[in-house]
Visitor: 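This is the structure I have questions about; it appears just below.
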Amino acid sequence: MKKKTVTLFLSVLILLATILAGCGSDTSNGADKEKENGNDVVTLRMMGYNPESTRATYLKYLDEKLPNVEIEFEFVALDNFNNVLNSQLQAGEGPDLIEVGGEAKLLAKANYLLDLTDEEFTSKYVESGLKPYMVDGKVYASPLQSWFEGIFYNKAIFKENNVEVPKTWDEFIEISKQLTKNGVKPQIMGAQSWEPMMKQSIGLVNNEFYSDEANRNFDEKFNAGEAKLAEEWLPYVEEWARVIDEGIITEDMLGLSYDQALDQFATGKAAMWESGPWAVETILEKNPDIELGMFPIPGKTEGDGWLIGGPGSALAINAKSQHIEEALKVLELTATEEAQKVLVADNAGSSFLEGVEVDLGEIYTDSEAAFKAGNVYAPWTAVWTSGNPIVEAYGKSLQEVLAGVKTIENALKEADSVNDNLRKTLN
Amino acid sequence: MYNKQRERVFMLMILPAFIGFIVLFIAPTAMSFFYSLTNWSVYNPDIKFVGLDNYKMLFEDVKTVSAIKTTLQYAILITIFQNIIAILLAVYLNKKMVAVNFVKSLVFLPAVLSILVVGFLFQYIMTSADYGLLNNIIQFFGGDPVNWLGDSKIAIYSVLVTQVWQWAGWSMVIYIANLKSIDTALYEAAEIDGAGKIRTFFSVTLPLLYPAVSFNLLMSLIGGMKVFDVIFSMTKGGPGYATETIMTTLIREGFNSGRNAYASALAVVFFIAVFILSRIVITFLNKWERKLS
């Protein structure tokens, strides 16, 4: 009998241990480290969806300038980022500094982010950089460098075939035809991903629609469900679709991934490819001799052209952070010209800090005019409340347009309906 | 008396595992039933009860309905093809031949690889780029290149083929194990009775393969229903929505769009679909078993 009691007791004990081990939390970790170090070094967790390599110089800079702050950078790929971040935030935990992008407004509305409106450094940024991170006039994040996408072209192929950088959309179609005639594939596209067609078509919408002052408040109305893409964007996206009608973008590109398209462009099998600065390193790795240039997406009439882009991402502070003071210091330091240049060193882009000009280099000479005119815009990251799912639906529908089973109008309607659904579900 | 107490101790022994099962499986499942009736989202600070709204939206959404259809189609097709090929391979490789063990391990080999690795590999083999291996082979023999993954009518079958290739060997091993247990006297008797090879297969081999068949059918059916990784690595659900499945839709809506409650509703629908489908298969298998005995 005694033996059995012991067995029983032991099994209950094991059971309890298992349960308790699961409940244990690791709150004590950070505090211990500080004490061991002797001086007051505070460890800040920074979670980002851009890999550490794109922030290496910046992180080193922070390390030098802020000796009593140690930044623990945590990279979580974008596929998983929202998932990981949201579950931590819901548990009342999460990183101290959060890299935010399209979801910033939703996170701010759910009270996860610290209000930065009255901080001195916030006023140093231009408004276009802050706008994506504003809810009801309050600012919730500090913008990092911008991202942009234009059309890369192979200068050697252009020269050989005697074609010039296009200044209008008609010219763009024209040179594409010319290249095809000469036996060169004009434009390659990794259309297996829904992104490139979505972005390029919005490039034309930028030129024709967003350049007009009268359409400035379209995005706000779109958020409120009062304006529809299918009504406003239709003529411009249909204009873009000429690249499909004229056989410049073809159905077989639906079987091509981003990497495969990059490969074809880098090895000179196509004259143009749409992407952004992050691809340059890989292109040059595959073909160090390539003469690379990037031009903005041209409009119907001659102009500076437009790039797709905007504030790439921003740093926000977790409202429940234990080290808000130190986190604010990091953002304060980031709002200096020196820090901005350090940021751009690892990933080309422009700065949103007032008065900071960044020299992007030779590749982007053809895009300079567009940059000067401020012609860089991506409505879904700039203003739309749930931008990513909407452009995903739009981009996926454009794939169906390319496959010939959907019309442009239906693609835009699809994006509208996703917007409606999300507004209903998330409010 | 002694036995009862002993049983009690045993019960306590399995308690830790049982509690784990409840905490990690039963409770989350029950919770998604509950969440599917609310407007829960990470972006919603307060949760409201919304009744069956999520289910209504779900069945009104053409994309989600077509994803459910694609998944069912995929699951049924992979179950049929994987098992037919596996049985044929098993029967054929169960003979005494030269290098038969080598061939067996060769057929089984793909199952050792990670699904993601296989997916990314085939994405390169089936690509429409100029170096696409499969298209190069076709062109070498004078055929026209096919857009294996970029044609919305073909894409799902391209994915299916890679999975049949990967998992047929796995099922084959189970069938072979079952074949080994069949008494050779039965084959001798069949031969004496004058049964041909095909007759022997349908009258002796197949009925006695029953245990392996029921296991394999259920496994590939459930595996097919929850297909995700291979789609993710080969087509990302595209082109358009052509290869979206229940799982890819669930991930997209639940995590990318933040519609957690909607995704919970879809998970409930998924649960019911798998439950019904496996019930149908089990009923069918039971009938077959009764007929045999």
Side-chain angles (χ1 to χ4, degrees), chain A residues 1 4 7-8 11-12 14-15 18-19 22 79-80 82-83 85-87 89-90 103 105-107 109-112 188 191-194 251-257 260-261 263-264 269 386 388-390 392-393 396-403 405-406 414 417-418 421-422 424-427, chain B residues 5-6 8-9 12-13 15-16 19-20 23 39 41-45 50 53-54 57 60-63 120 123-124 126-132 135 145-153 155 158 232 234-242 244 251-262:
Chain A
M1 193 65 204
K4 268 164 227 153
T7 332
L8 211 136
S11 34
V12 172
I14 293 169
L15 178 69
T18 331
I19 297 170
D79 310 336
N80 259 330
N82 288 329
N83 176 10
L85 176 70
N86 291 341
S87 46
L89 289 177
Q90 269 186 327
E103 278 73 23
K105 288 184 190 216
L106 290 165
L107 290 172
K109 275 186 189 166
N111 301 326
Y112 291 127
I188 193 79
Q192 193 179 60
S193 156
W194 49 266
E251 219 183 310
D252 64 292
M253 292 179 194
L254 286 173
L256 219 57
S257 71
Q260 289 161 350
D263 196 75
Q264 303 248 307
K269 294 205 176 76
S386 12
N388 283 333
I390 299 173
E392 181 173 354
K396 274 175 163 287
S397 302
L398 285 181
Q399 290 181 322
E400 294 178 313
V401 171
L402 182 54
V405 295
K406 220 177 207 167
E414 171 67 37
S417 84
V418 169
N421 267 337
L422 286 171
K424 256 185 264 163
T425 338
L426 300 184
N427 282 315
Chain B
Q5 279 212 341
R6 221 165 83 126
R8 246 179 247 154
V9 175
L12 272 173
M13 293 288 204
L15 204 57
I19 284 182
V23 170
N39 68 342
S41 155
V42 273
Y43 304 122
N44 264 353
V50 295
D53 275 10
N54 287 314
M57 263 195 280
E60 275 170 5
D61 193 334
V62 192
K63 293 172 299 190
F120 283 120
Q123 206 245 325
Y124 262 83
M126 291 176 161
T127 176
S128 62
D130 296 342
Y131 53 75
N135 277 340
V146 179
N147 195 359
W148 296 105
L149 300 173
D151 187 324
S152 44
K153 290 188 198 76
S158 305
F232 180 78
M234 285 181 76
T235 66
K236 296 242 171 15
Y241 294 93
E244 290 281 357
I251 301 272
R252 197 186 66 230
E253 296 289 359
F255 296 131
N256 298 354
S257 305
R259 297 170 79 188
N260 306 54
Y262 181 88

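Below, all heavy atoms of this structure are taken into account, side chains as well, without hydrogens, waters or symmetry copies.
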Visitor: Please state whether the side chain, the backbone, both or neither of A:Val418 comes within less than 4.5 Å of a heavy atom of chain B.
Guide: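 The side chain, not the backbone.
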
Visitor: Side chain, backbone, both or neither: which part of A:Ser257 has a non-hydrogen atom closer than 4.5 Å to chain B?
Guide: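 Its backbone and side chain both get close to chain B.
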
Visitor: Which bit of A:Gln260 comes within less than 4.5 Å of chain B, counting heavy atoms only: side chain, backbone, both or neither?
Guide: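 The answer is both parts of A:Gln260.
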
Visitor: In Å and rounded to the nearest 0.5 Å, what is the CE to NZ distance from B:Met57 to A:Lys424?
Guide: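 Those atoms lie 6.5 Å apart.
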
Visitor: Using non-hydrogen atoms only, which part of B:Ser152 is less than 4.5 Å away from chain A: side chain, backbone, both, or neither?
Guide: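 Side chain of B:Ser152 only, per the 4.5 Å heavy-atom cut-off to chain A.
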
Visitor: Strictly distance-based, threshold 3.5 Å: is any side-chain N or O of B:Thr235 a donor or acceptor partner for the main-chain N or O of B:Gly237?
Guide: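 Such a contact is found between B:Thr235 side chain and B:Gly237 backbone.
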
Visitor: Could you give the distance from OH (A:Tyr112) to CG (A:Leu106), rounded to the nearest 0.5 Å?
Guide: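 It comes to 11.0 Å.
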
Visitor: Check whether B:Glu60 gets within reach of chain A through its side chain, its backbone, both or neither, counting any heavy atom under 4.5 Å.
Guide: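 Neither part, no heavy atoms under 4.5 Å.
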
Visitor: Looking at B:Asn135 and B:Val146, would you say the former's side chain and the latter's main chain have a donor-acceptor pair under 3.5 Å?
Guide: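 Yes; judged by distance alone, with no hydrogens or angles, the pair exists.
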
Visitor: List the atom of A:Ala191, the atom of A:Leu254, and the distance in Å for their closest heavy-atom pair.
Guide: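 Closest heavy-atom pair between A:Ala191 and A:Leu254: O-CD2, 3.7 Å.
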
Visitor: I'd like to know if the side chain of A:Gln192 and the backbone of B:Met234 have a donor-acceptor N/O pair within less than 3.5 Å.
Guide: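 Confirmed, A:Gln192 side chain pairs with B:Met234 backbone.
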
Visitor: So which part of B:Glu253 gets closer than 4.5 Å to some heavy atom of chain A, the side chain, the backbone, both or neither?
Guide: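 Neither part, no heavy atoms under 4.5 Å.
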
Visitor: Which atoms of B:Lys63 come close to chain A, meaning under 4.5 Å heavy atom to heavy atom: side chain ones, backbone ones, both, or neither?
Guide: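 Looking at B:Lys63, just its side chain touches chain A.
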
Visitor: Contact part of A:Asp252 toward chain B, heavy-atom cut-off under 4.5 Å: side chain, backbone, both or neither?
Guide: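 Both backbone and side chain.
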
Visitor: Given the options A:Leu402, A:Asn421, A:Asp263, which has more heavy-atom pairs under 4.5 Å with chain B than any of the others?
Guide: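 If we count pairs closer than 4.5 Å to chain B, A:Asn421 comes out on top.
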
Visitor: What part of B:Met126 gets within 4.5 angstrom of chain A, counting heavy atoms only: side chain, backbone, both, or neither?
Guide: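 Contact with chain A: none, neither part.
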
Visitor: State whether A:Glu414 and A:Lys396 are salt-bridged, where the test is any N-O pair (Lys NZ or Arg NE/NH1/NH2 against Asp/Glu carboxylate O) under 4.0 Å.
Guide: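 No, this pair does not count.
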
Visitor: Is it the side chain or the backbone of A:Ala261 that comes within 4.5 Å of chain B heavy atoms, both, or neither?
Guide: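 Contact with chain B: none, neither part.
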
